[in-house]
Participant: 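I have a structure I would like to understand better, so I am pasting it below and will then ask my questions one at a time.
We name chains A, B, ... by the order of the sequence lines, and we start the count at 1 in each one.
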Amino acid sequence: MNEHLDIQLIAIVTAVACALPGVFLVLRRMTLMSDAISHAILPGIVLAFFLTESLSSPLLILAAAGTGVLTVLLVELLQRTKLVKEDAAIGLTFPALFSIGVILISRFAGNVHLDMDVVLLGELAYAPLNRLKAFGYDLGPIALYVMGTILVLNTVFIFVFYKELKLATFDASLAAALGFAPTLIHYGLMTLVSVTTVGAFDAVGSILVVALIAGPPTTAYLMTDKLSLMLILSAIIGSVNAVSGYWLASLFDVSIAGAIATMTLIVFGLIFLTVPNRGLIAIARRDARQKWEFAQTMLVIHLFNHEGLPEAEAESAIADLHEHLSWDPTFTNQVVRYALNNRCVSQDERQLTLTEQGRAIAQQALVQ
Amino acid sequence: MENLSALIRLDYTLMIVGIGAALLGTVSGALGTYAVLRRQSLLGDAISHAALPGIAIAFLLTGSKAPLILVFGAAVAGWLGTLLIMSIVRLTRIKYDSVLAIVLSTFFGFGLVLHTLIQRTGNANQAGLDTFLFGQAATILESDVLTIGILGGVALIIMLIFWKELKLLVFDEGFAASIGFPIRTLDVLLTSLLVIAIVLGLQAVGAVLMSAMLVAPAVAARQWTNRLRLMVFLAACFGALAGVSGTIISSTASRIPTGPTIVLCATVIVGLSIAFAPNRGLVWGRIRHRRSRSDLKTAADGLLKQSQQRSE
């Protein structure tokens with residue numbers, strides 16, 4: 001396998017592994033928990049590193065995942081005192097843990113190889129260099145196996161507990177009433193997020209892992225109302241971001257993780273603009289259409305009110321309409337044209353008369 | 001004699017760093033109060049990360065590493081990031097926390113891309129990024145203290161001028177809107193003040209830990225009072241206290257970074273406040289609980305004794 005392929009495979013597997021639990025974080029309004037966990041696991045990593053003196057030991061992942069769950073516990077403990085709100089509890093906990101990690105590193109690990117940049121920023125380009133070898137064969141990069149295992153773990157967890165996760169996410173009290181133990185589900189999910197974050201920081205670092213966890217699900221959330229579809233879309237978007245980010249990085253010779261995050265923002269922006277119904281363009285077009293339809297309704301109601309009465313002739317003269325409706329003359333002309341196109345009114349010389357359709361619209365609007 | 005002058009010089013440096021950290025703590029403590037009360041504690045985290053591309057672009061455009069230019073770039077990027085957050089929240093159904101997360105991480109990622117681009121042209125060294133992430137309190141100079149003092153002072157004065165409006169925005173946004181205050185403008189104003197506090201703080205504690213400087217003093221102050229005026233004042237004092245004590249502690253031994261120490265000091269202040277603040281403090285609550293339980297018990301015992309005597 002060549003290096004390009006290796007890196008892209010690792011990037012895709014990491015992106016999908018992060019996006020799947022991310023869907024539930026986004027839906028449960030706990031997205032920033034991933035930010036907190038990814039920073040707070042630092043002291044866990046440092047302590048495990050002191051014990052094993054290796055950055056790729058499985059103990060590291062366990063210790064860091066443990067610290068991640070500890071973070072969640074601490075945040076909830078703070079919240080339960082009712083003295084601190086959730087957002088502030090998160091904002092207090094992870095900087096404190098992170099500070100302990102930084103102090104530990106600079107105090108005791110000054111000469112050991114534990115580079116802060118690696119922990120925080122990661123470097124995908126180096127990931128394929130660390131390879132799994134058995135019986136003299138090269139079986140591929142270790143990172144691919146680590147993230148692959150985590151991906152399988154996440155997929156199996158979501159598949160097996162799909163019903164429980166869905167219920168606990170959308171109606172926690174019903175889940176509790178039915179005996180589904182939402183707390184257990186919650187901690188299961190948080191453990192997954194911790195493990196995924198630790199696995200991913202090797203490749204993308206602890207700040208950009210947030211882009212992988214939050215980006216694709218948030219983008220998918222704009223596109224669908226179905227949980228199953230959101231999971232699938234998130235996985236696809238995550239892969240697209242990963243691959244396009246990789247090629248962007250190779251093109252300009254810049255940080256791969258940074259480029260993937262940049263693509264995450266660009267893809268989010270594109271979907272945000274163009275998605276039907278909820279996109280910016282769709283919203284703007286709907287607003288414009290509603291403006292004209294409202295004006296047209298006002299016009300037909302005006303005509304309807306005076307229909308068949310002695311003043312009808314004066315009230316329906318096109319040249320004077322803007323005064324009766326107190327509109328701008330050019331706007332009035334545009335509305336008349338719009339109504340004519342829709343066959344709500346018909347024009348004979350300088351008068352407007354209602355068509356059947358226009359009369360129906362006016363009647364309906366007045367009844368409502 | 002030489003030792004003595006070295007000692008004085010050291011103390012002078014320490015004093016400058018201490019004053020700088022105290023000023024930063026004051027500004028971020030006071031302004032952080034509003035963020036915490038509006039439940040936007042993590043906005044600071046997002047702004048501080050979103051500032052990275054601004055620093056890179058400022059450097060790319062001017063080729064200068066002057067702190068004021070970089071701070072300006074950081075402020076513009078952080079400000080744009082916040083506006084983006086506000087408009088996404090307004091225009092879509094995406095929740096606030098997801099928007100923060102996505103803006104924070106992707107802006108930072110873009111900053112990283114620009115940073116590697118700069119590195120490749122051989123213009124800058126890695127140190128720039130490390131400073132951004134962790135701050136470098138030890139390098140605070142007299143001129144920096146002046147910058148912090150002036151900009152931070154302006155931010156605080158603006159806060160005082162718009163005291164009434166900001167108070168209303170924090171506690172009853174709907175009412176403020178209904179009596180005709182320009183809510184969105186005030187929101188932008190408050191966030192801009194926050195941006196100033198954050199970009200000033202980046203140098204001392206760095207992007208990762210900046211959120212603690214906004215949140216911790218305010219949370220601690222919240223435990224002591226229910227009045228906004230007192231809370232802002234206390235938060236400013238706690239921020240300054242954390243800045244000074246963190247600077248002093250980190251100077252007592254080698255290889256203790258200042259930024260994280262300041263954050264830990266602030267965390268300790270929060271812990272003490274949550275435990276011991278009058279009325280709200282956990283310890284007093286526990287004591288009250290125990291006392292009322294023993295009161296109840298003596299009362300129940302008395303009743304039991306009375307009824308036993310009567311039945312005899």
Side-chain angles (χ1 to χ4, degrees), chain A residues 25-26 29-32 34-35 39 78 81 83-92 94-96 98-103 106-107 110 116-117 120-121 207-215 217-219 221-222 248-249 252-255 257-262 264-265 268 272 278 280 283, chain B residues 36 39-42 44-45 49 88 91-117 120 126 129-130 133-134 208-216 218-219 222-223 253 255-257 259-261 263-264 267 270 274 280-282:
Chain A
L25 289 185
V26 166
R29 308 192 182 191
M30 299 180 63
T31 321
L32 286 165
S34 68
D35 186 35
H39 286 90
L78 264 178
T81 62
L83 300 176
V84 183
K85 299 281 187 305
E86 188 193 2
D87 60 321
I90 295 176
L92 282 172
F94 83 83
F98 188 82
S99 299
I100 294 174
V102 175
I103 291 177
S106 51
R107 188 96 180 99
M116 279 309 299
D117 291 345
L120 273 177
L121 309 175
I207 296 174
L208 298 172
V209 73
V210 178
L212 293 188
I213 291 183
T218 311
T219 314
Y221 189 50
L222 285 173
L248 183 74
F252 293 101
D253 189 17
V254 290
S255 149
I260 293 178
T262 309
T264 305
L265 185 64
F268 173 80
F272 177 37
R278 296 206 188 83
L280 263 193
I283 293 174
Chain B
V36 168
R39 304 201 184 177
Q40 296 180 339
S41 301
L42 293 164
D45 197 35
H49 283 81
I88 294 178
L91 291 168
T92 71
R93 58 171 181 169
I94 302 174
K95 306 297 177 299
Y96 188 62
D97 64 309
S98 305
V99 179
L100 283 188
I102 202 169
V103 169
L104 176 162
S105 56
T106 55
F107 267 58
F108 185 82
F110 181 55
L112 200 59
V113 165
L114 292 177
H115 187 81
T116 42
L117 209 62
R120 200 159 48 85
Q126 193 70 26
L129 194 58
D130 276 352
L133 287 170
F134 304 113
V208 182
L209 297 174
M210 192 54 217
S211 74
M213 289 307 290
L214 293 169
V215 177
V219 170
R222 177 69 189 89
Q223 311 308 323
R255 301 217 299 222
I256 299 185
T261 315
V263 169
L264 285 184
T267 313
V270 172
I274 287 182
R280 281 168 70 101
L282 287 180

Participant: Got a donor-acceptor contact below 3.5 angstrom from the B:R222 side chain to the A:V84 backbone?
Facilitator: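 Between the backbone of A:V84 and the side chain of B:R222 there is no qualifying donor-acceptor contact (under 3.5 Å).
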
Participant: Side-chain contact, heavy-atom cut-off 4.5 Å: B:P257 with A:I103?
Facilitator: yes

Participant: If you count heavy-atom pairs within less than 4.5 Å of chain B, which of A:I213, A:D253, A:T81, A:I260 leads?
Facilitator: A:D253

Participant: Would you compute the distance between atom CZ of B:F107 and atom OG1 of A:T262 and round it to the nearest 0.5 angstrom?
Facilitator: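 It is 10.5 Å, given to the nearest 0.5 Å.
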
Participant: Among A:L78, A:T219, A:V26, which has the most heavy-atom pairs under 4.5 Å with chain B?
Facilitator: A:V26

Participant: Measure A:L83 against the heavy atoms of chain B and call it side chain, backbone, both or neither at under 4.5 Å.
Facilitator: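 Both parts, backbone and side chain.
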
Participant: How close do B:K95 and A:Y221 get, heavy atom to heavy atom, and via which atoms?
Facilitator: NZ-OH, 3.2 Å

Participant: Can you give me the closest heavy-atom contact between B:V219 and A:A88, atom names plus distance?
Facilitator: CG2-CB, 3.8 Å

Participant: side-chain contact (heavy atoms from CB on, under 4.5 Å) between A:I90 and B:S41: does it pass, once the steps are laid out?
Facilitator: CA-CA 8 Å; A:I90 295 176; B:S41 301; over 6 Å; no

Participant: Would you say A:L92 and B:T267 make side-chain contact, with heavy atoms under 4.5 Å?
Facilitator: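 They are not in contact (no side-chain heavy atoms under 4.5 Å apart), so the answer is no.
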
Participant: Say you draw a straight line from CZ of A:F272 to OG1 of B:T92; how long is it, rounded to the nearest 0.5 Å?
Facilitator: 5.5 Å

Participant: Checking A:D87 side chain against B:Q40 main chain: does a donor-acceptor pair fall under 3.5 Å?
Facilitator: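 At least one qualifying donor-acceptor pair exists.
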
Participant: If you count heavy-atom pairs under 4.5 Å with chain A, which of B:I256, B:L100, B:V36, B:D45 comes out on top?
Facilitator: B:D45

Participant: Any side-chain hydrogen bond (donor to acceptor under 3.5 Å, both in side chains) pairs touching residues 98-112 of chain B, not counting sequence neighbours?
Facilitator: A:T31-B:S98

Participant: Could you list the residues that satisfy side-chain hydrogen bond (donor to acceptor under 3.5 Å, both in side chains) with A:K85, not counting sequence neighbours?
Facilitator: none

Participant: Set out, in order, the CA-CA distance, both residues' side-chain angles and the distance that settles side-chain contact (heavy atoms from CB on, under 4.5 Å) for B:L42 and A:F94, then state yes or no.
Facilitator: CA-CA 11 Å; B:L42 293 164; A:F94 83 83; 4.1 Å; yes

Participant: A:L248 vs B:V113, test: side-chain contact (heavy atoms from CB on, under 4.5 Å). Steps then yes/no.
Facilitator: CA-CA 10 Å; A:L248 183 74; B:V113 165; 5.7 Å; no

Participant: Which heavy atom in A:V102 sits nearest to a heavy atom in B:P260, and how many Å separate them?
Facilitator: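 Smallest interatomic distance, heavy atoms only, reads CG1-CG, 3.7 Å.
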
Participant: Got a second to check how far B:L104's CG is from A:L208's CG, nearest 0.5 Å?
Facilitator: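 Spacing of CG (B:L104) from CG (A:L208) equals 9.5 Å.
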
Participant: May I ask you to name which of B:I94, B:V215, B:D97, B:V99 has the most heavy-atom pairs under 4.5 Å with chain A?
Facilitator: B:D97

Participant: Could you please spell out the steps behind the side-chain contact (heavy atoms from CB on, under 4.5 Å) verdict for B:F110 and A:L265?
Facilitator: CA-CA 9 Å; B:F110 181 55; A:L265 185 64; over 6 Å; no

